[in-house]
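Here the structure is laid out as structure tokens; the discussion comes afterwards.
Just so you know, ligand 1 is whichever comes first in the structure, and atom 1 is the first atom listed for that ligand. Positions are given from 1, in the same order as the sequence printed here.
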Amino acid sequence: MNIIIFGPPGAGKGTQSNFIVKKFHLHQLSTGELLRKEIKDRTELGKQISSIINSGNLVSNEIVSDLIEKYISNKIYKSRLIFDGYPRNLNQATNLDNLLNKYDQKIDIALKLSVSLETIKKRILERKSLEKRADDSEEIVIKRYEMYEKNINPVIDFYKQTNLLKVVNGETTISEISNEISGLIESIKGWL
Ligand code: AP5
Ligand code: MG
């Protein structure tokens with residue numbers, strides 16, 4: 001089973017991915033975390049992308065595509081991936097489809113977490129006091145939200161057309177959301 005989880009910044013993609021990983025024994029593939037690791041490790045790629053990420057913009061489709069292909073092509077993760085934060089635009093959605101076809105895999109469910117900008121600001125500012133993410137200021141989180149809104153509608157349509165889209169209210173408690181997601185995953189035919 002492969003799962004997509006998407007939603008605006010602070011929607012709970014990472015939080016719910018952790019839950020799904022444990023309950024359904026999948027592997028989380030967070031493009032944001034992979035990119036931040038490149039920056040932390042001061043790799044050539046990290047140096048190239050740090051100012052883009054810290055300003056709330058998206059890095060190029062090619063860069064993220066190369067990162068995710070490494071996982072999709074790896075037999076260890078075959079049909080065991082949860083895509084957190086990918087795809088973010090139509091180009092990435094079609095690219096993901098092509099890559100999965102190439103390695104004889106598919107998406108089983110695309111979960112969209114819906115959260116208001118007001119809630120996002122509150123959560124991100126709270127997180128800022130605990131973790132040190134360079135893109136967690138109020139100004140940059142608004143920018144990240146705008147980038148999400150600007151690019152996501154064709155992605156939503158893409159997964160609606162293939163009947164894979166499930167919208168989850170991301171405003172409730174972490175455990176209520178986990179329960180709803182659990183039920184949705186378990187309702188996939190032949191998920192075991
Ligand atoms: P990324 O790392 O994906 O960041 P994001 O999309 O902005 O989302 P966050 O990680 O901030 O939030 P989340 O939804 O994971 O929420 P979380 O569970 O942490 O991307 C960062 C950057 O990398 C992008 O801006 C871009 O530059 C680049 N990038 C990444 N992917 C890319 C791609 N595909 N293409 C191009 N560029 C890409 O929760 C947030 C906080 O809220 C936590 O403190 C949590 O404890 C709390 N919380 C969660 N759920 C609840 C709840 N229900 N109630 C109360 N609190 C909650
Ligand atoms: Mg995250």
Could you work out, for atom 24 (C) of ligand 1, the closest of E131, E33, R127, R88 by heavy-atom distance? R88
Which atoms of ligand 1 are found less than 4.0 Å from any heavy atom of P8? 14 (O)
With heavy atoms and a 4.0 Å threshold, my read on which part of S30 contacts ligand 1 is neither
Near L35, which atoms of ligand 1 are under 4.0 Å from a heavy atom of that residue? 23 (O), 28 (C), 29 (N), 30 (C), 38 (C)
So if I count the atoms of ligand 1 from 1 in the order they appear, which ones are less than 4.0 Å from some heavy atom of I177? 53 (N)
Donor-acceptor list for residues 148-167 side chains, cut-off 3.5 Å, not counting sequence neighbours:
{"unit_1": "N151", "atom_1": "ND2", "unit_2": "M147", "atom_2": "O", "d": "2.9"}
{"unit_1": "T162", "atom_1": "OG1", "unit_2": "F158", "atom_2": "O", "d": "3.2"}
{"unit_1": "T162", "atom_1": "OG1", "unit_2": "Y159", "atom_2": "O", "d": "3.3"}

L81 and Y71: side-chain contact (heavy atoms from CB on, under 4.5 Å), yes or no, with the steps? CA-CA 8 Å; L81 288 170; Y71 285 80; 4.2 Å; yes
One finds that the ligand 1 atoms under 4.0 Å from a non-hydrogen atom of V64 are 33 (C), 35 (N)
At a non-hydrogen distance cut-off of under 4.0 Å, which region of L113 contacts ligand 1 (side chain, backbone, both, or neither)? neither
Step by step, work out the side-chain contact (heavy atoms from CB on, under 4.5 Å) result for V64 and E69. CA-CA 9 Å; V64 265; E69 185 164 6; over 6 Å; no
Decide whether the shortest distance between a heavy atom of E176 and an atom of ligand 1 is less than 4.0 Å. no
Which of these, E171, K121, K122, sits in a side chain to side chain donor-acceptor pair (under 3.5 Å) with S116? E171
Does a side-chain heavy-atom distance below 4.5 Å link V168 with S114? no
Full working for side-chain contact (heavy atoms from CB on, under 4.5 Å) between F19 and I174: CA-CA 10 Å; F19 162 78; I174 292 176; over 6 Å; no
Is the closest basic N to carboxylate O distance between D136 and R144 below 4.0 Å? yes
Check each heavy atom of I52 against ligand 1 and say whether those closer than 4.0 Å belong to the side chain, the backbone, both or neither. neither
If you measure from each heavy atom of N89 to ligand 1, is any distance below 4.0 Å? no
Using a strict 4.0 Å cut-off to heavy atoms of G85, name the atoms of ligand 1 that fall inside it. 31 (N), 32 (C), 33 (C), 34 (N)
Heavy atom under 4.0 Å from ligand 1: found in R133's side chain, backbone, both, or neither? side chain
Can you tell me which residue and heavy atom of the protein come closest to atom 31 (N) of ligand 1, and the distance to 0.1 Å? T31 OG1, 2.7 Å
Enumerate the atoms of ligand 1 whose separation from the nearest heavy atom of T15 is less than 4.0 angstrom. 17 (P), 18 (O), 39 (O), 45 (C), 49 (C)
Does an N or O from T172, backbone or side chain, lie closer than 3.5 Å to an N or O of ligand 1? yes
Hey, which atoms in ligand 1 end up nearer than 4.0 Å to a heavy atom of G14? 13 (P), 15 (O), 18 (O)
If Ile, Leu, Val, Met, Phe, Trp and Tyr residues are connected whenever their side-chain heavy atoms lie under 4.5 Å apart, and connections chain through other members, are I3 and I177 in the same group? yes
Determine whether the side chain, the backbone, both or neither of E126 has a heavy atom under 4.0 Å from any heavy atom of ligand 1. neither
Test salt bridge (charged side-chain N to carboxylate O under 4.0 Å, His left out) applied to E146 and K143, step by step: CA-CA 5 Å; E146 285 170 358; K143 179 72 195 283; over 6 Å; no
Could you tell me whether K13 and ligand 1 have an N or O pair separated by under 3.5 Å? yes
Determine whether the side chain, the backbone, both or neither of E171 has a heavy atom under 4.0 Å from any heavy atom of ligand 1. neither
May I ask you to check if ligand 1 and G12 share an N or O to N or O distance below 3.5 Å? yes
In the protein, which heavy atom is nearest to atom 56 (N) of ligand 1, and how far is it? R123 NE, 3.5 Å
Under 3.5 Å: N/O of Q92 near N/O of ligand 1: yes
Hey, is ligand 1 close enough to R36 that some N/O pair sits below 3.5 Å? yes
Should S182 and K23 count as side-chain neighbours, where that means a heavy-atom distance under 4.5 Å? yes
How far is atom 27 (O) of ligand 1 from the closest protein heavy atom, and which atom is that? N57 O, 2.5 Å
I want to check something: taking the side chain as every heavy atom from C-beta on, are K78 and Q105 in contact at a cut-off of under 4.5 Å? yes
Please write down residue, atom name and distance for the protein heavy atom closest to atom 37 (N) of ligand 1. V59 N, 3.2 Å
For ligand 1, which atoms sit closer than 4.0 Å to a heavy atom of A11? 14 (O), 16 (O)
Evaluate K106 against N2 for side-chain contact (heavy atoms from CB on, under 4.5 Å), listing each step before the verdict. CA-CA 7 Å; K106 64 177 174 51; N2 288 313; 6.0 Å; no
Heavy atoms only, cut-off 4.0 Å: how does R144 contact ligand 1, side chain, backbone, both, or neither? side chain
Taking the inter-plane angle between the rings of H27 and Y77 on a 0 to 90° scale, is it parallel (under 30°), tilted (30 to 60°) or perpendicular (over 60°)? tilted
In this structure, which one of D97, N61, T31 forms a side chain to side chain donor-acceptor pair (under 3.5 Å) with Q92? N61
